[in-house]
Amino acid sequence: MERLEYSAHLKWDGNVGSEAKVREFTFYIDTNTDGYNKGPNPTEYLLAAIGGCLTVNWGGRLIKKMRLDVKGFEVEVKGWRGLDEPQLKEITYKITVFTNEDEKKIMRVKELAEKYGTVFNTVGGAEKIRGGEVEIVRLE
């Protein structure tokens with residue numbers, strides 16, 4: 001079976017954070033509450049990873065493949081949890097698309113991006129990530 005493999009190496013900073021290395025990239029995971037505030041916390045990285053997954057599939061794959069005239073798009077991902085519960089209770093996202101393309105084509109991109117997104121589906125897909133609002137901003 002062919003497969004894609006991923007890996008990350010993390011080195012603890014002595015407090016609550018770490019330096020992470022993925023391929024040739026280095027970044028920091030920390031907190032702004034009891035850490036050194038050297039980078040986003042793990043939950044913020046998770047939300048960014050969901051947004052990044054959607055961005056790769058929307059822009060890098062589907063918009064190009066379907067040859068849609070999209071001038072740009074933005075993704076906002078939000079999540080919340082209770083103070084006593086170590087789990088996000090809700091994750092939502094909104095995509096703002098700048099285009100004059102037909103709404104059905106744009107909604108097809110949304111459907112396919114959700115269906116084939118690795119991170120999106122690993123975290124629970126549409127069962128866990130609610131909303132998926134799409135706003136189309138028409139161009140002049």
Side-chain angles (χ1 to χ4, degrees):
M1 171 178 137
E2 287 188 53
R3 65 186 192 180
L4 296 173
E5 294 188 17
Y6 306 91
S7 68
H9 179 84
L10 289 85
K11 184 177 177 184
W12 179 47
D13 72 359
N15 191 10
V16 298
S18 59
E19 177 184 270
K21 291 189 178 188
V22 176
R23 293 184 285 130
E24 65 271 20
F25 306 101
T26 301
F27 54 95
Y28 295 91
I29 301 171
D30 205 353
T31 69
N32 61 349
T33 53
D34 52 354
Y36 300 124
N37 198 30
K38 288 177 72 175
N41 68 44
T43 305
E44 292 163 331
Y45 273 113
L46 174 65
L47 296 177
I50 293 167
C53 179
L54 290 165
T55 300
V56 164
N57 284 303
W58 270 73
R61 298 203 171 106
L62 297 165
I63 289 172
K64 286 181 182 178
K65 191 174 199 175
M66 295 170 70
R67 298 178 188 195
L68 300 178
D69 184 17
V70 173
K71 299 302 181 202
F73 68 93
E74 299 173 4
V75 180
E76 181 177 26
V77 184
K78 295 181 178 182
W80 69 269
R81 60 167 269 198
L83 295 176
D84 298 332
E85 304 169 287
Q87 177 185 37
L88 289 176
K89 291 299 183 181
E90 182 177 67
I91 300 170
T92 59
Y93 77 91
K94 177 182 179 181
I95 296 183
T96 304
V97 186
F98 302 90
T99 186
N100 287 325
E101 291 285 357
D102 182 68
E103 183 176 350
K104 287 182 183 179
K105 290 180 182 178
I106 298 302
M107 296 312 287
R108 180 70 175 148
V109 171
K110 174 189 182 295
E111 176 188 336
L112 292 171
E114 289 180 354
K115 181 176 182 180
Y116 294 109
T118 301
V119 174
F120 187 88
N121 287 294
T122 299
V123 249
E127 295 173 12
K128 182 75 174 182
I129 302 170
R130 307 220 188 283
E133 178 185 347
V134 176
E135 175 186 8
I136 298 173
V137 177
R138 299 293 174 190
L139 306 171
E140 301 279 325

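In this text the structure is predicted, and so the values were computed from the model without any measurement.
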Exercise for review: May I ask whether Leu139 and Ile63 are part of the same hydrophobic cluster, defined by side-chain heavy atoms of I, L, V, M, F, W, Y residues being less than 4.5 angstrom apart, directly or through others?
Suggested key: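 Cluster IDs for Leu139 and Ile63 differ.
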Exercise for review: Determine whether Val109 and Leu112 fall in the same hydrophobic cluster, where Ile, Leu, Val, Met, Phe, Trp and Tyr are linked whenever their side-chain heavy atoms lie under 4.5 Å apart.
Suggested key: yes
What's the separation between atom [atom1] in [X] and atom [atom2] in [Y], rounded to the nearest 0.5 Å?
X	Y	atom1	atom2	result
Phe73	Glu135	CZ	CD	14.5 Å
Tyr93	Ile129	OH	CD1	8.0 Å
Lys104	Met107	NZ	CE	12.0 Å
Phe27	Lys21	CZ	NZ	11.5 Å
Leu62	Leu68	CG	CG	9.0 Å
Phe120	Leu54	CZ	CG	6.0 Å

Exceeds 12 heavy-atom contacts within 6.0 angstrom, atom [atom1] of [X]:
X	atom1	value
Glu103	CD	no
Phe98	CZ	yes
Lys105	NZ	no
Glu85	CD	yes
Glu140	CD	no

Point to revise | Glu101 and Met66, any side-chain heavy atoms less than 4.5 Å apart | key: no
Do any N or O atoms from the side chain of [X] and from the backbone of [Y] form a donor-acceptor pair under 3.5 angstrom?
X	Y	value
Asn121	Glu114	yes
Trp12	Asn15	yes
Arg61	Trp58	no
Lys128	Leu88	yes

Exercise for review: Search all heavy atoms of Val119 against all heavy atoms of Cys53 and return the closest pair with its distance.
Suggested key: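 Here Val119 and Cys53 meet closest at N-SG, 3.5 Å.
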Exercise for review: Give the minimum heavy-atom separation between Tyr45 and Ile29, together with the two atoms involved.
Suggested key: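 Smallest heavy-atom distance, with atoms named: CE1-CG1, 3.6 Å.
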**Study point:** Sequence neighbours excluded, every pair satisfying salt bridge (Lys or Arg N to Asp or Glu O under 4.0 Å) that has a member inside residues 66-81
**Key:**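 Counting only pairs at least two positions apart or across chains, the salt bridge (Lys or Arg N to Asp or Glu O under 4.0 Å) contacts touching residues 66-81 are Asp69-Lys71, Glu76-Lys78.
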Point to revise | Derivation and outcome, side-chain contact (heavy atoms from CB on, under 4.5 Å), residues Asp13 and Glu19 | key: CA-CA 7 Å; Asp13 72 359; Glu19 177 184 270; over 6 Å; no
